[in-house]
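Quick notes on the structure that follows.
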Amino acid sequence: MSIRDKIPHIPEIHVESNLNLLLRRAKENRTVDIEEYETTGGYSALRKALNKFSPEDIVVLVEESTLRGRGGAGFPTGRKWRFALMNPPPRYLVCNADESEPGTFKDRIIIERDPHLLLEGMIIAGYALGAKEGYIYIRGEYPAGYLILENAINEAKERGYLGKNILGTDFSFDIKVYRGAGAYICGEETALLESLEGKRGHPRLRPPYPAQSGLYGKPTVVNNVETLSNIPIIITYEAYFMNIGPAGFYGPKLFPVSGKVEKPGVYEATMDITLRELIEMAGGVKGGKQVKAVFAGALGIYREDELDMPMDYSPKGFGGTGTTIVLDEDDCVIDALLVVTQFFHHESCGKCTPCRVGTYEQHQILKKLKEGKATKEEVNYLKHLSQNIPANSICGLGFSAPNAVSDALKKFSEEIEAHLKGECPVCFNRGD
Amino acid sequence: MKYKYLTEDIIQKIEECRGRFPLKEQCIIPALHHILDKHRDIVPEAVIELSDYLKVPVSHIEGIVTFYDMFRHRKNAKNHIRICRNLPCHLANFHSLLEKIKEKTGADVGRSSSDGLWYIELVECIGSCGIAPAFLVNDDLYDGSKIKTEEDLEKILSKYR
């Protein structure tokens with residue numbers, strides 16, 4: 001009996017890849033068990049890591065790979081590891097599986113379809129960091145993923161890949177899964193640690209950084225699912241990893257594409273792909289219509305003429321989690337902003353007043369704007385808030401919450417004008 | 001203290017959790033999940049019982065219950081339908097799906113149906129934007145774009161009656 005018979009229902013999500021690295025085994029909607037994982041080359045990277053490399057060698061390999069955190073911030077993983085290694089043990093490794101940004105559904109594909117890839121990456125990372133324990137913090141809305149991971153951990157323990165004296169070496173490592181309960185903020189690494197310690201998920205003030213004082217006050221590395229899943233690939237390919245993708249942003253990346261495209265789904269590509277190419281990969285805009293706007297990166301909003309930028313972490317790239325939400329000519333940007341600001345207002349943890357109140361104010365003004373009742377002063381206030389929320393908040397949620405609003409103010413001024421005059425063809429002709 | 005909500009099986013699961021994690025506070029969220037799974041609701045009495053069992057202040061547990069969206073004090077029905085209202089599902093017109101579900105179940109957003117079977121909640125992104133509009137019935141995830149007719153919906157809902 002496969003694990004799929006014992007867990008909640010998961011429907012088919014479209015997945016496509018020409019690279020066959022992260023999604024090699026994950027193209028179909030099923031869970032790869034340890035048997036199949038081993039016969040398709042699984043755990044050979046762990047074997048290689050333990051037999052051939054010292055922990056220091058692995059950290060150097062990851063540093064040289066230029067691997068960047070795939071959770072959105074794009075911080076170099078090797079550097080994060082190096083910071084943690086500067087602090088004395090015990091050290092902890094935490095996998096951030098709390099993906100909940102609107103439009104992001106890439107990590108669930110790895111968790112639900114190829115869980116051993118993540119586990120292998122975590123075990124290698126644990127070895128490199130001198131950690132004895134790793135935690136996976138999975139969001140509460142992925143009950144199937146939670147059970148799949150628990151099952152995969154047991155499979156790995158039975159075969160000696162986890163637990164005491166892994167593969168006969170003196171390295172011991174254990175992984176525990178912890179389920180969240182529906183708070184977007186817990187994807188922020190310090191809020192995640194608070195939640196993992198059994199508290200409300202309020203972000204911590206930094207410094208100290210988690211690499212200095214994280215879980216239980218000990219040095220902790222928090223990495224995203226996709227980041228850790230890249231580790232076995234780096235160990236397998238070593239210097240050849242630098243042949244995958246553009247300089248400085250090597251390695252495969254998953255791009256979740258949704259909204260008005262023909263084939264929404266998760267696409268694996270290198271980071272030199274442009275947003276336009278990505279939309280084409282997803283079958284183009286639904287019904288052959290025109291792109292009006294795209295929410296991409298850290299939920300910024302982009303115009304049709306900006307789609308030729310690459311999906312990398314350079315200042316000119318989109319960065320973020322790789323999220324792409326496409327709006328076509330029949331959608332209204334203000335209407336979409338209304339949904340996004342409602343989300344941030346709902347998910348603000350309430351610790352910093354500018355974020356807690358500012359996101360609410362933005363939402364209220366946009367509501368009026370959509371109805372054609374806002375004034376010019378209120379739109380200026382919207383701009384003021386877009387600068388002040390990030391400037392006076394302590395975590396990534398506050399930094400990125402007004403991204404879409406400030407982008408829209410700059411790039412879609414004609415839509416805002418139309419709403420001020422009550423003339424938006426989408427909102428006012430539909431009768432809502 | 002005699003427990004009504006912390007049944008034997010839940011206590012056993014809490015003990016398992018205690019063996020796994022070093023802090024007793026780390027058992028709160030898992031315990032609340034178990035209470036929710038079994039009783040479909042987290043009532044104040046359950047919070048008091050858990051506080052008594054774990055020797056953690058009621059305020060701390062209450063703080064967690066109110067912070068995390070999945071743990072609200074509400075008298076829930078047998079089945080909990082969560083419909084995503086975030087951007088990709090908004091673009092895929094979750095409103096029309098909501099109307100269909102409302103009609104079929106007799107429940108409304110934030111209100112149980114009179115037969116006590118259904119409760120509807122609009123939630124933020126559930127990480128299923130590739131199958132928008134997505135919705136969860138209890139722990140099972142479904143692709144709303146596949147629901148074209150009333151029969152399609154009935155096929156799903158009939159499993160939970």
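Chain letters run A, B, ... following the sequence lines, proteins first, then strands; residues in each count from 1.
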Side chain, backbone, both or neither: which part of Leu87(B) has a heavy atom under 4.5 Å from chain A?
both
Rounded to the nearest 0.5 Å, how far does NE2 of His14(A) lie from CD1 of Ile131(B)?
13.5 Å
So what's closer than 4.5 Å to chain B heavy atoms on Tyr146(A): side chain, backbone, both or neither?
side chain
Below 4.5 Å from any heavy atom of chain B, which atoms of Cys349(A) appear? Answer side chain, backbone, both or neither.
both
Describe, in one word, how the ring planes of Phe21(B) and Tyr178(A) are oriented to each other, choosing from parallel (under 30°), tilted (30 to 60°) and perpendicular (over 60°).
perpendicular
Would you check if the side chain of His33(B) reaches a backbone N or O of Gly140(A) as a donor-acceptor pair within less than 3.5 Å?
no
Chain B contacts, top residue of Glu141(A), Glu12(A), Arg179(A) (heavy-atom pairs, under 4.5 Å)
Arg179(A)
Between atom OG1 of Thr66(B) and atom CZ of Arg200(A), what is the distance when rounded to the nearest 0.5 Å?
4.5 Å
Can you confirm whether Arg111(B) is buried at CZ, in the sense that more than 12 heavy atoms of other residues, nucleotides or ligands lie under 6.0 Å from that atom?
no
Per-residue contact mode, Val15(A) against chain B (heavy atom under 4.5 angstrom)
neither
Evaluate whether atom NZ of Lys367(A) has more than 12 neighbouring non-hydrogen atoms of other residues, nucleotides or ligands under 6.0 angstrom away.
no
Checked Ser195(A), Gly259(A), Gly201(A) vs chain B; the most non-hydrogen pairs under 4.5 Å come from Gly201(A)
Is any residue of residues 150-161 of chain B within less than 4.5 Å of chain A by heavy atoms, and which ones?
none
Classify the ring geometry of Phe67(B) against His202(A): parallel below 30°, tilted from 30° to 60°, perpendicular beyond 60°.
perpendicular
Which bit of Leu23(B) is near chain A, if near means a heavy-atom gap under 4.5 Å: side chain, backbone, both or neither?
side chain
Heavy-atom closest pair (Ile126(B) atom, Arg108(A) atom, distance to 0.1 Å) is O-NH1, 3.3 Å
Kindly check if the number of other-residue, nucleotide or ligand heavy atoms within 6.0 Å of NZ (Lys263(A)) is above 12?
yes
Flag if over 12 foreign heavy atoms under 6.0 Å of NZ, Lys132(A):
no
Is Arg82(B) close to chain A through its backbone or its side chain, or both, or neither, when contacts mean heavy atoms under 4.5 Å?
neither
Please check if atom CD in Glu15(B) has more than 12 non-hydrogen atoms from other residues, nucleotides or ligands closer than 6.0 Å.
yes
Most contacts with chain B, counted as non-hydrogen pairs under 4.5 angstrom, among Gln342(A), Glu347(A), Glu99(A):
Gln342(A)
Identify which part of Pro102(A) has an atom lying under 4.5 Å from any heavy atom of chain B, answering side chain, backbone, both or neither.
both
Under 4.0 Å between a Lys/Arg side-chain N and an Asp/Glu carboxylate O for Glu150(A) and Arg20(B)?
yes
Ranking Ile10(A), Leu196(A), Ile185(A) by heavy-atom pairs under 4.5 Å to chain B gives rank one to Leu196(A)
Please look at Thr323(A) and chain B and tell me whether the side chain, the backbone, both or neither of the residue comes under 4.5 angstrom of a heavy atom of that chain.
neither
